[in-house]
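Computed over heavy atoms, backbone and side chain alike; hydrogens, waters and symmetry mates excluded. Note on naming: letters A, B, ... go to the chains in the order of the sequence lines (proteins, then strands), and numbering restarts at 1 for each one.
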Amino acid sequence: MRIETERFGSLQIDERELFLFPHGLIGLETLRQWALVPDPENPMVAWLQSASRGDRALAVISPRLFVPDYRVHVSRRSIESLQLRSDHRTYVLTTLAGTRDRLTTNLRAPIIMNLDRRMGCQVVTGDDQPMQFELPTTHQAASRMAA
Amino acid sequence: MLVLSRHRDESIMIGDDVVVTIVDIRGDKVRLGIEAPQSIPVHRQEVYEAIQRENRRASQTDPDATRDVRPAQEPRPPRDPRPTRRDN
């Protein structure tokens, strides 16, 4: 299928590669099918692109690359929709928001994806993780050096 | 808004498959037990609204903004599994 996106132009995506989010994302409950698209410039970043709304895409990272001791504590109930089995591979991703100078990631509401079943859901962690965890960027480092 | 009075351990039913039980009452804090089908997500309202705001912020992020994100520590270079041994 072809998705006409706002950010990446026209994307050709195999429908079998799409992830089904039975509950959508929090606040975006009606958007249930998402593609995971690599960022064209930064290998640390990917985008969850809605299959039905070309103007809806969220940047995501693998939080453990930035917060090595990050653990997701959630109830079994909240991930039931993923149909996880012990031999399934999963991704834990968190959303990015902000500007080039101050970029934050939401550690409170990670997105968990079952790569084998192509299912996804956004969960709320049981512990009090920050919703705006500030990330280091090389841009910040460069402007600090210039100052 | 429908307002109902309940004692501890009493419940209300919403539809035929959601049960909300008053588990405990202490001062101004009430503990609720919620039984609902897995297809109905249950969230604390203020947390739900805050995450909704964060998701909205995330969906407005410009691709340019994510260009410089890097982990603070560079990933360790891969180690040679068979280091050369120096014999002397």
Side-chain angles (χ1 to χ4, degrees), chain A residues 7-8 22-29 39-42 44-48 50 53 55-62 64-68 75 77-81 94-106 108-109 121-124 128 131-132 135-142, chain B residues 1 9 11-24 26-79:
Chain A
R7 289 178 174 80
F8 312 108
H23 308 309
L25 296 175
I26 294 173
L28 300 165
E29 280 82 1
D39 186 274
E41 286 193 37
N42 187 342
M44 296 291 158
V45 176
W47 291 77
L48 267 182
S50 162
R53 285 280 305 264
D55 59 342
R56 290 282 183 272
L58 291 87
V60 290
I61 53 162
S62 179
R64 278 186 204 137
L65 290 176
F66 298 85
V67 189
S75 65
R77 177 186 193 276
S78 60
I79 54 167
E80 242 168 281
S81 65
T94 53
T95 58
L96 285 180
T99 60
R100 214 171 153 197
D101 292 310
R102 184 179 182 272
L103 212 55
T104 63
T105 195
N106 182 353
R108 187 74 199 272
C121 70
Q122 187 170 31
V123 296
V124 181
D128 197 12
M131 287 197 201
Q132 294 188 5
L135 293 174
T137 73
T138 50
H139 183 59
Q140 276 174 341
Chain B
M1 190 196 296
D9 296 332
S11 302
I12 59 164
M13 294 216 46
I14 302 173
D16 57 5
D17 53 7
V18 177
V19 183
V20 180
T21 306
I22 311 302
V23 175
D24 198 9
R26 265 182 215 165
D28 63 353
K29 205 170 188 176
V30 178
R31 284 170 67 80
L32 302 174
I34 295 150
E35 290 167 78
Q38 176 247 312
S39 59
I40 302 179
V42 178
H43 298 289
R44 292 175 174 85
Q45 185 181 8
E46 70 283 6
V47 176
Y48 177 90
E49 286 172 352
I51 293 168
Q52 189 175 21
R53 276 196 300 276
E54 273 310 300
N55 278 353
R56 201 170 303 142
R57 237 165 54 84
S59 71
Q60 288 159 357
T61 303
D62 192 82
D64 211 36
T66 64
R67 214 162 55 188
D68 308 308
V69 187
R70 294 282 183 283
Q73 288 172 317
E74 286 298 315
R76 282 189 209 132
R79 283 203 202 129

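Proximity of A/Ile61 to A/Leu135: side-chain heavy atoms (C-beta onward) are separated by under 4.5 Å at one or more points.
Between A/Arg77 and B/Pro41 the shortest heavy-atom distance is NH1-CA, 4.4 Å. Taking all atoms of both residues into account, the shortest heavy-atom contact from B/Pro71 to A/Phe66 is N-CE2, 3.4 Å. In terms of heavy-atom proximity, A/Trp47 sits nearest to A/Arg7 at CZ3-NE, 3.4 Å. Shortest non-hydrogen contact noted between B/Ser39 and A/His23 is O-CE1, 3.4 Å.
For A/Glu41, the part sitting under 4.5 Å from any heavy atom of chain B is the side chain, from C-beta outward, and nothing else. Looking at A/Thr99, the atoms closer than 4.5 Å to chain B (heavy atoms on both sides) all sit in the backbone: N, CA, C or O. Neither the backbone nor the side chain of A/Thr105 comes within contact range of chain B, judged by heavy atoms closer than 4.5 Å.
Between B/Tyr48 and B/His43, the ring planes are tilted. Angles from 30° to 60° get that label.
Distance OG1/B/Thr21 to CE/B/Met13: 9.5 Å, rounded to 0.5 Å. The structure places CD of A/Gln122 at 8.0 Å from CG of A/Leu58, a figure rounded to the nearest 0.5 Å.
Ranked by heavy-atom pairs under 4.5 Å with chain B, the list A/Val45, A/Asp55, A/Leu48 is led by A/Val45. Chosen from A/Thr95, A/Leu28, A/Leu96, the residue pairing most often with chain B at heavy-atom distances under 4.5 Å is A/Leu96. Chain B forms more heavy-atom pairs under 4.5 Å with one residue of A/Cys121, A/Pro22, A/Gly98 than with any other, namely A/Gly98.
The backbone N or O of B/Arg67 lies less than 3.5 Å from a partner atom in the side chain of A/Asn42, making a donor-acceptor pair. No donor-acceptor distance shorter than 3.5 angstrom exists from the side chain of A/Gln132 to the backbone of A/Thr104, with no hydrogens or angles considered.
Residues of residues 50-62 of chain B that come closer than 4.5 Å to chain A, counting heavy atoms only, are B/Ala50, B/Ile51, B/Gln52, B/Glu54, B/Asn55, B/Arg57, B/Ala58, B/Ser59, B/Gln60, B/Thr61, B/Asp62, ordered by residue number. Heavy-atom proximity under 4.5 angstrom to chain A picks out B/Ala36, B/Pro37 from residues 27-37 of chain B.
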